[in-house]
Structures are given as structure tokens and as C-alpha cells.
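For reference, the structure is listed below as C-alpha cells.
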Amino acid sequence: MAERVRVDLPVKELPKEWYNVLADLPFPLDPPLDPKTQQPVDPEALLAIFPRSLVEQEVSDQRYIPIPEPVLEEYALFRPTPLIRATKLEEYLETPARIYYKYEGVSPTGSHKTNTSIAQAYFNAKEGVEELVTETGAGQWGSALSYAGKKFGVRVRVFMVRISYHQKPMRKYLMNFYDASVEPSPSKLTEAGKAFLVQNEEHPGSLGIAISEAIEYVVNSTKAKYSLGSVLNHVLMHQTVIGQEVEKQLKLINEEPTIMIGCHGGGSNFGGFILPFVPKKLEGKNIRFIAAEPTSCPSLTKGEYRYDFGDTAGLTPLLKMYTLGKDFVPPPIHAGGLRYHGSAPIIARLVHEGIIEAQSFEQEETFQAARLFAMLEGIIPAPESSHAIAAAVSEARKAKEEKREEVIVFNLSGHGLFDLSAYV
Ligand SMILES: Cc1ncc(COP(=O)(O)O)c(C=O)c1O
């Protein structure tokens, strides 16, 4: 059997900057458009819902943005996260591929989401924001923001997709533990929510609807700002601490990745993981990036590449992305964080340019991969992350059939200890 390898970096190796891929892309991104005028949105207009520092990051083309000291201090509680070689999985699959995973489940709330929630709570607190309002699917993002809000003294209100609110009560308790208010969405707190409840009193909800509710709430408040856990440029940028660490970790063991995989909901863990490697690919390095998504919410594999609203009620600017249409309500699969109709504009453009591949997986296949991984490697993955595992298993099997040596690295975005009811 291959030797078990676990690469840990000391705290002093924590990345000190976030990486902004826009500085290195050979094309500009299509800008967000104002739905009324169809003209690029004036960044000043975004100040109605976001603090200035985050708006500046959203439109920045600076390659590196320094991470403020208080954010680094919070990161140091759980970062750098480990990179582990999945030797038992390799052995079981009898694959010539070497498989590594970056484990983001060691964060205080169990996923990569704290990488941006801490940053967002910090910048909002610094600008005097008293309340942060957001949406959450499975509850990972909501709990990450609740945790970060508590750290920096900002109240948090979460609109949680109704189906997940019922499927995952432990996540709600976790948010309440950090004193956040949690509403099942659609809710009666907003006009958008009420309109969906009229259609169906037990509406399962979707991320698109929950985003509409959070934005409507913020627009009608003077003290609150909105916080998004995925999709936007600044969110993906905060997540690049993941990929930057992976780069250092692989270097320490003299490995070069040939396949990098992450699950894709709105694109933040996948983006944070692969974007620091995009310049290498642009220089001609042999490296495949695979975004894994559910067949039941196949935005990258079946969606159209066009401008669409980021939410269901049509309150956001128009974003150029792969979309299933803002009205698409995905079936209630357990990977609640992957039930989003759209995608990050950065990831969408890279898919469109052929720099990133997308693959989709049935829920049952991801559950089988998750069980296999838990039995062999010991970690119970989040249902979202299980999509990355299913893709890694599939690529390792292909490598075996074709007798190819590969270095497969995937991002294990979170643990599934609060998702056990999905697996049993
Ligand atoms: C553990 C985990 N992985 C992945 C995702 C998908 O989001 P993103 O594509 O932004 O990483 C979520 C979203 O809630 C999640 O909780």
C-alpha cells in the first residue's frame, strides 16, 4: 500500500493575500447589467446592499489583495487546512492515480464558507454595519456567517431554504447557538416570500427565492447589509486561500496536479480551489479542472450561457452566467448548497472558454461515493462535497482502464456530520 501522506503547513505559511484571477485572464468579464437600462451597473449602486470595501474588491483588477490582520488571526484558528493522500481509496479502486484531498471541514462550522464569512463580517463591522442578512441552502453558509457575525459583533439574519430548514434542523440550532435569527424561506417577512407562499403554502423554496427575500429585507432597512456566500467575484477571491495553500502543499511533496475537482453550487469552493492554478493552465500546463454538479440542478452542463438574474424575484443586477432560468426550482435533493439556478460569472466564463470542464452526477452515485469515502478514509463528507468525490472516483477508474498515471486533487469542501439523515 502507498504511504499515507498528510501535508500540514505551519500557521506562518497562511496566505497573506487573496488572489484575484481577473488580473491574469486574457479577456475581460462581461459586466453585471442594470435590468432597467441594460447598461453596466454603476458600482456606487451596489452600496445600497454591500459595504464599500467589498464593492471595491468586487470590481478590482488588482492581482493580490492583502488579508487584514484580524481576518488572518481568525483564519489561524483552523488554517492552513490539511492536504491528505487518500491511500485507502486508491487501493480499493486499484487505480494508478494518486488521489489527494484538501479538507475544508476542519473549520469551526464545518466547511470552506468561513473563509469568506469571516472576511465579510470583518469589512461590514469596520464600516459600522449592525446587521447582516443572507440566504442559506443546507445551512453551511448561514452557520458560517452566524459564527463570523458573532466574532465581529454584527447581528445575523438568515433566510433558510424551507426544504433544508426541515431536513437539517441541527444547522438551524447551530445558527441559533451563535444568536442568529433563522426564517424558513419562502417566509411571510417579505413581499417576495408571501407571493411564493400564496402559490404553495409548503413551497420547498430555492436559493434564488431566499436571495430575493434577503435583498428585499436589506433594501427596506437602514442598518442592514446583504451578504452572499458564493457567486460573486469577491467571494471566490476570499476562497483562494484554499488553492494557494494547495499549491504550497503539493510543492512540498513534489507533486503536480493533473486533475483538480470541486463540487459546484455557486462556484465558491471550486473557484477558490482552482483559480490560483489557472495561470499555469493558461501557460500551457497539462491540468484539467472539473466542476461537479447534480444532474437535478445542472446549471453548468445543461444551462444556457446568457444574462440572468441572480435571484428568483429579479431584484439583483443581471449576471452573465450559465443558468437554468431564475424560475427553476430544483428537486429537493440533500445537497441543498448545490440547488442554485446559476453560477459564478468567473466560473461560467472559464467553462465557456473551455478552460474548465463540467460533469453532473445523480444523487445516488454521490451517496455511494460518500459512503465509500467515509468507510475508507474516515471522514463523512457533506452531500455537496460528495459530488467532488464521485467525480474523483470516476476519473480514478478511467485512469485504471486507460492505464494512465494521474495526480487527482479534489476539494472536500465540508463534513456531513449534520447531514447524516441524508445517508441513513
Ligand atoms: C459543504 C459545501 N460545499 C459546497 C457548497 C456549494 O457552494 P459553492 O459552490 O459556493 O462552494 C456548499 C453550499 O452551501 C456547501 O455547504
Side-chain angles (χ1 to χ4, degrees), residues 16-18 20 32 34 41-60 62 64-77 107-109 113-136 141-160 174-183 185 187 189-190 192 210-239 241 268 310-311 315-317:
K16 304 289 182 298
E17 295 159 324
W18 291 301
N20 181 3
D34 181 327
V41 169
D42 177 356
E44 291 291 312
L46 297 175
L47 296 174
I49 56 172
F50 294 118
R52 184 170 291 280
S53 38
L54 293 178
V55 172
E56 282 167 8
Q57 289 177 21
E58 184 62 21
V59 298
S60 170
Q62 197 179 311
Y64 290 105
I65 309 254
I67 305 177
E69 199 55 44
V71 174
L72 283 174
E73 238 171 69
E74 292 301 332
Y75 279 176
L77 281 179
S107 89
T109 55
K113 296 283 182 183
T114 38
N115 297 331
T116 184
S117 69
I118 289 170
Q120 293 193 39
Y122 166 77
F123 287 113
N124 275 283
K126 202 164 163 238
E127 292 187 31
V129 174
E130 292 177 12
E131 183 178 18
L132 273 174
V133 185
T134 196
E135 72 295 323
T136 196
W141 167 240
S143 40
L145 191 67
S146 305
Y147 167 83
K150 199 77 195 152
K151 288 266 164 178
F152 291 103
V154 183
R155 278 196 320 280
V156 173
R157 177 178 293 280
V158 183
F159 289 92
M160 183 173 189
L174 185 57
M175 290 182 259
N176 290 153
F177 179 85
Y178 295 120
D179 293 332
S181 315
V182 187
E183 288 297 326
S185 165
S187 78
L189 281 192
T190 67
I211 295 173
S212 299
E213 289 209 89
I215 292 180
E216 185 188 317
Y217 186 94
V218 166
V219 169
N220 292 315
S221 155
T222 50
K223 303 260 168 63
K225 292 277 186 211
Y226 171 61
S227 174
L228 186 60
S230 191
V231 179
L232 298 177
N233 299 352
H234 69 273
V235 181
L236 272 61
M237 195 177 70
H238 295 157
Q239 293 292 354
V241 287
S268 76
D311 70 320
L315 301 178
T316 68

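Sequential numbering from 1 along the given sequence is applied to the chain's residues.
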Qualifying residue, where the test is side-chain contact (heavy atoms from CB on, under 4.5 Å) with R52 and the options are Q57, E44, K126: E44

Shortest non-hydrogen separation from P317 to L46 and the atoms involved: CG-CD2, 4.2 Å

For P66 against Q62, the heavy-atom pair lying closest together: CD-NE2, 4.3 Å

Residues that K150 engages under salt bridge (charged side-chain N to carboxylate O under 4.0 Å, His left out), provided they are two or more places apart: D179

Salt bridge (Lys or Arg N to Asp or Glu O under 4.0 Å) partners of residues 224-233, not counting sequence neighbours, each pair once: none

For the student: nearest non-hydrogen atoms of A224 and V129, plus distance: C-CG1, 4.5 Å

Straight-line distance of S227 OG to L145 CG, nearest 0.5 Å: 4.5 Å

Identify each donor-acceptor pair in which a side-chain atom of residues 70-77 lies under 3.5 Å from a protein atom, sequence neighbours left out, and give them as a table.
from : atom 1 : to   : atom 2 : distance (Å)
E74  : OE1    : K151 : NZ     : 3.2
Y75  : OH     : W18  : NE1    : 3.3
Y75  : OH     : N115 : O      : 2.5

For E17, all residues meeting side-chain contact (heavy atoms from CB on, under 4.5 Å), sequence neighbours excluded: Y64

Under the side-chain hydrogen bond (donor to acceptor under 3.5 Å, both in side chains) test, residues paired with S212 that sit two or more places apart: D311

Closest non-hydrogen atom pair between V219 and I49, with its separation: CG2-CG2, 4.2 Å

T114-S107 side chain donor-acceptor pair, cut-off 3.5 Å: yes

Min side-chain heavy-atom separation T190-S185 under 4.5 Å: no

Those residues that, when tested against A148, pass side-chain contact (heavy atoms from CB on, under 4.5 Å) (two or more places apart): S117, I118, A121

Side-chain H-bond candidate by donor/acceptor type, H238 with Q120, under 3.5 Å: no

With W141, the side-chain hydrogen bond (donor to acceptor under 3.5 Å, both in side chains) member among T134, T136, T116: T134

With sequence neighbours excluded, residues passing ring-ring contact (aromatic ring centres under 6.0 Å, His included) with Y226: F50

Closest approach of L174 to S143 (non-hydrogen atoms, all atoms of both residues): CD2-CB, 3.6 Å

With sequence neighbours excluded, residues passing salt bridge (charged side-chain N to carboxylate O under 4.0 Å, His left out) with E69: none

Under 3.5 Å donor-acceptor, E135 side chain and A214 backbone: no

ring-ring contact (aromatic ring centres under 6.0 Å, His included) partners of Y217, counting only residues at least two apart: none

Beyond-backbone contact of I67 with V241, side-chain heavy atoms, under 4.5 angstrom: yes

Residues that E56 engages under side-chain hydrogen bond (donor to acceptor under 3.5 Å, both in side chains), provided they are two or more places apart: none

Full working for side chain to side chain contact (heavy atoms under 4.5 Å, CB included) between N124 and L54: CA-CA 8 Å; N124 275 283; L54 293 178; 3.9 Å; yes

Over all atoms of both residues, closest heavy-atom pair of S268 and S230: N-OG, 3.4 Å

With L189 via side-chain contact (heavy atoms from CB on, under 4.5 Å) - residues at least two apart: R157, F159, E183, S187

Non-neighbouring partners of V182 that pass side-chain contact (heavy atoms from CB on, under 4.5 Å), sequence neighbours left out: M160, Y165, K172, M175, N176

Evaluation steps, side chain to side chain contact (heavy atoms under 4.5 Å, CB included), between V156 and Y178: CA-CA 9 Å; V156 173; Y178 295 120; over 6 Å; no

Test log, rule side chain to side chain contact (heavy atoms under 4.5 Å, CB included), inputs E58 and H234: CA-CA 5 Å; E58 184 62 21; H234 69 273; 2.6 Å; yes

